[in-house]
Amino acid sequence: MGMALVLNCGSSSVKYQVVDTTVDEPLAVGLVERVTDHSEAIRQIIDSLSEPGSGVDLKQLTVVGHRVVQGGAEFSAPTIIDDDVEREIAKLSTLAPLHNPPNLAGITAARQAFPQLPHVAIFDTAFHSTLPEAAYTYAIDRRVAKEHGVRRYGFHGTSHSYVSRETARLMGRPVEDLSMIVLHLGNGASAAAIQGGRSVDTSMGLTPLEGLVMGTRSGDIDPAVTLHLARTAGMTIDEVDALLNRRSGMLGLTGYSDMRDVWRTAEEGSHEARLGLDVYCRRIRGYVGQYYAQLGHLDAVVFTAGVGENDDGVRLESLAGLTELGIEIDPDRNAGRKKQPTLVSTDASRIQVWVVPTNEEREIALQSIAAVS
Ligand SMILES: Nc1ncnc2c1ncn2[C@@H]1O[C@H](COP(=O)(O)OP(=O)(O)O)[C@@H](O)[C@H]1O
Ligand SMILES: CC(=O)OP(=O)(O)O
Ligand SMILES: [Mg+2]
């Protein structure tokens, strides 16, 4: 039992929740957008929670839980934060350049605001620590890989873990008996193959750049694209980094990183927007096929996060044409945004397709409270 303030500090936003384990709904939930200064954002959050009528008594807090994206090989469990842990998280920033720096800024500001409380880091990478060696190993010189820690880590683990357990519960079967593919499609996006509740493959790699097409990130490309741009276009490493992480994906293809804008312009007749959607959905379909083959048996495909929960067009198009593989969406069940878990496959579909809203903040709260109990 306990009460947690959860901070999910992103590159441009801070999401927060106050969670009491004895209550299903959060006591407070919010989002501060267009954040440039995380100390300032956290001060704003604390001010608004301190107001009478906020529904929260901050004196009741027992822990502050922080989302940290990259935990590297060091962290595979919830970790109580001290100065050493903060330094380790800072060192891992090169392996999650859009994420660990804001995560850390949030930790520093919150430790100053609540010095008397324990602070716990919950890592995106932790759930993927079960990846088999063959799934996390890149086919490069193994001495170079070992010396520089080059391997696949995987991200969005808190979401993949929560959503896979929630899906098993909804299907009325033990998660230990199920094989599923979870598609976390937010601004960042990743697929995970989950067997018996354990992650056995995932599309993000050393950093959150690999895999699916995302809002501003390219996902999979030939690594020689980087070399080519450096050699023939004279781009620096930092320029290529910014290109692939910040100016690619849907933004690079269509001019918009938000799927609502992409659909709108596609419907207005933009060829680029329509092509962007085709590239996005084709990549998802490819990963579903790949993970289906790796798992050998599949019970469910699950959509979650901003795009997965809200974008019926992406769901429909990415799983189109898979009836022979036992995957068939029902267009009527699929239609619309899903605020609640929803079965969207036909009754004839051998493999169930679900939309299950994620709740990273609640999961972080529960894990943080457990870590200090
Ligand atoms: N109604 C909607 N229809 C289609 N896409 C949506 C809708 N609402 C949100 N999205 C998509 O969800 C994305 C944000 O997803 P989210 O999971 O909140 O991302 P993050 O946690 O990375 O900020 C937006 O960029 C947008 O593409
Ligand atoms: C790891 C990652 O890509 O996170 P987000 O989707 O929040 O950007
Ligand atoms: Mg997210």
Side-chain angles (χ1 to χ4, degrees), residues 6-17 29-35 66-71 92-93 95-103 106 122-128 152-160 162-163 182-192 202-219 244-246 249-251 253-254 256-267 273 276-277 280-281 303-318 334-339 355-361 363-364:
V6 174
L7 297 174
N8 179 351
C9 289
S11 46
S12 67
S13 71
V14 179
K15 294 181 185 169
Y16 66 92
Q17 280 191 19
V29 35
L31 167 71
V32 184
E33 278 178 300
R34 285 184 267 279
V35 170
H66 298 267
R67 178 181 180 213
V68 181
V69 163
Q70 176 58 281
L92 290 163
S93 285
L95 298 183
L98 301 187
H99 296 92
N100 270 38
N103 297 161
I122 306 296
F123 296 93
D124 264 44
T125 43
F127 180 63
H128 299 298
R152 179 187 296 282
Y153 289 108
F155 300 90
H156 294 133
T158 307
S159 177
H160 287 300
Y162 171 83
V163 168
V182 177
L183 299 164
H184 176 110
L185 311 177
N187 191 27
S190 69
T202 194
S203 58
M204 283 179 166
L206 176 71
T207 76
L209 179 57
E210 197 180 351
L212 301 177
V213 178
M214 311 182 210
T216 67
R217 290 170 246 164
S218 62
L244 298 179
N245 272 302
R246 298 175 192 274
M250 297 313 280
L251 180 66
L253 289 170
T254 73
Y256 300 99
S257 64
D258 190 305
M259 279 298 181
R260 287 164 286 196
D261 297 319
V262 179
W263 279 107
R264 183 175 45 75
T265 43
E267 277 150 22
L277 291 166
Y280 187 94
C281 293
F303 288 93
T304 195
V307 179
E309 293 163 26
N310 294 305
D311 195 326
D312 49 5
V314 162
R315 293 194 297 260
L316 197 62
E317 291 187 16
S318 46
N334 180 58
R337 301 171 64 189
K338 307 297 181 198
K339 293 284 154 217
V355 181
V356 176
T358 193
N359 195 342
E360 287 165 294
E361 286 77 18
E363 180 67 17
I364 290 169

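Along the sequence shown, the residues carry numbers beginning at 1. Both ligands and their constituent atoms are indexed starting at 1 by order of listing.
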Can H184 be said to touch ligand 2, with heavy atoms closer than 4.0 Å?
->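 So H184 does not count as touching ligand 2.
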Using 4.0 Å as the upper bound for N to carboxylate O, is an ion pair formed by E360 and K15?
->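 Looking at E360 together with K15, the answer is no, because their closest N to O distance does not fall below 4.0 Å.
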State if Q70 counts as touching ligand 2 under the rule of any non-hydrogen atom under 4.0 Å.
->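 Contact check Q70 vs ligand 2: negative.
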So does R315 pair up with D312, basic N to acidic O under 4.0 Å?
->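 Answer for the salt bridge query: no.
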Atoms in ligand 2 with a heavy atom of F155 nearer than 4.0 Å =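 In order of numbering, the contacting atoms are 1 (C).
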What's the spacing between N8 CG and S13 OG if we round to 0.5 Å?
->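 Rounded to the nearest 0.5 Å, the CG-OG separation comes out at 7.0 Å.
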Where the side chain of T125 meets the backbone of G71, is there a donor-acceptor pair that is under 3.5 Å apart?
->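 Between the backbone of G71 and the side chain of T125 there is a qualifying donor-acceptor contact (under 3.5 Å).
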Which atoms of ligand 2 are found less than 4.0 Å from any heavy atom of D124?
->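 That gives atoms 1 (C) of ligand 2.
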If hydrogens are left out, which of E360, H99, R67 has an atom nearest to atom 8 (O) of ligand 2, that is, the closest non-hydrogen atom?
->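 Going through E360, H99, R67 one by one, H99 has the nearest heavy atom to atom 8 (O) of ligand 2.
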Any atoms of ligand 2 less than 4.0 Å from a non-hydrogen atom of V69? List them with their elements.
->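 Ligand 2 atoms under the 4.0 Å threshold to V69: 1 (C).
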Please answer whether the main-chain N or O of I364 pairs with a side-chain N or O of R67 as donor and acceptor at a distance below 3.5 Å.
->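 It does not hold such a pair.
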May I ask you to list the atoms of ligand 1 that are less than 4.0 angstrom from any heavy atom of V307?
->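 Near V307, the atoms of ligand 1 are 11 (C), 12 (O), 27 (O).
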Distance (rounded to the nearest 0.5 Å) between H99 NE2 and T207 OG1 =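 Reported value, rounded in 0.5 Å steps: 10.0 Å.
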Return the option from M259, H99, K15, E33 holding the heavy atom at the smallest distance from atom 23 (O) of ligand 1.
->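 Checking each option, the heavy atom nearest atom 23 (O) of ligand 1 is found in K15.
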Would you mind running through ligand 1 and noting each atom that sits below 4.0 Å from a heavy atom of G188?
->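 By the 4.0 Å cutoff, the relevant atoms are 22 (O).
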Just which atoms of ligand 2 are under 4.0 Å from any heavy atom in M204?
->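 What qualifies from ligand 2 is 3 (O).
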For the pair N103 (side chain) and V69 (backbone), establish whether a donor and an acceptor sit closer than 3.5 Å, ignoring hydrogens and angles.
->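 Yes.
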Between T202 and H156, do the side chains contain an N or O donor and an N or O acceptor separated by less than 3.5 Å?
->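 No.
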Among protein heavy atoms, which lies nearest atom 3 (N) of ligand 1, and at what distance?
->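 Among all protein heavy atoms, the one nearest atom 3 (N) of ligand 1 is R260 CG, 3.4 Å.
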Where is the nearest protein heavy atom to atom 19 (O) of ligand 1: which residue, which atom, and how far?
->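 Ranked first by proximity to atom 19 (O) of ligand 1 is N187 N, 3.1 Å.
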Could you tell me the residue and atom name of the protein heavy atom closest to atom 3 (O) of ligand 2, and the distance to it rounded to 0.1 Å?
->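 Ranking protein heavy atoms by distance from atom 3 (O) of ligand 2, first comes R217 NH1, 2.9 Å.
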Could you tell me which non-hydrogen atom of L277 sits nearest to which non-hydrogen atom of M250, and how far apart they are?
->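 Closest pair (atom of L277, atom of M250, distance): N-CE, 3.8 Å.
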What's the shortest distance from atom 10 (N) of ligand 1 to any protein heavy atom, and which residue and atom give it?
->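 Scanning the protein heavy atoms, the shortest distance from atom 10 (N) of ligand 1 goes to G306 O, 3.6 Å.
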Tell me which protein heavy atom sits closest to atom 6 (O) of ligand 2, plus the residue, atom name and distance to 0.1 Å.
->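 Protein heavy atom with the smallest distance to atom 6 (O) of ligand 2: H156 NE2, 2.8 Å.
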Atom pair OH (Y280) and CG (L185), whose distance is rounded to the nearest 0.5 Å |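 It is 4.0 Å, given to the nearest 0.5 Å.
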How close does the nearest protein non-hydrogen atom get to atom 24 (C) of ligand 1, and which residue and atom is it?
->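 For atom 24 (C) of ligand 1, the nearest protein heavy atom comes out as D258 OD2, 3.8 Å.
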Atoms of ligand 1 close to G186 [distance to a heavy atom under 4.0 angstrom, numbered from 1] =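 The list of qualifying atoms is 15 (O), 16 (P), 17 (O), 19 (O).
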Short list, please: which atoms of ligand 2 are under 4.0 Å from a heavy atom of G188?
->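 Contacts of ligand 2 toward G188, numbered from 1: 3 (O), 6 (O), 8 (O).
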Distance, nearest 0.5 Å, that separates OG1 of T304 from OH of Y162 =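 Between T304 OG1 and Y162 OH, I get 8.5 Å after rounding to 0.5 Å.
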Ligand-residue contact atoms, ligand 1 with R337, heavy atoms, under 4.0 Å |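 In order of numbering, the contacting atoms are 1 (N).
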Side chain Q70, main chain L95, donor-acceptor under 3.5 Å |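 Confirmed, Q70 side chain pairs with L95 backbone.
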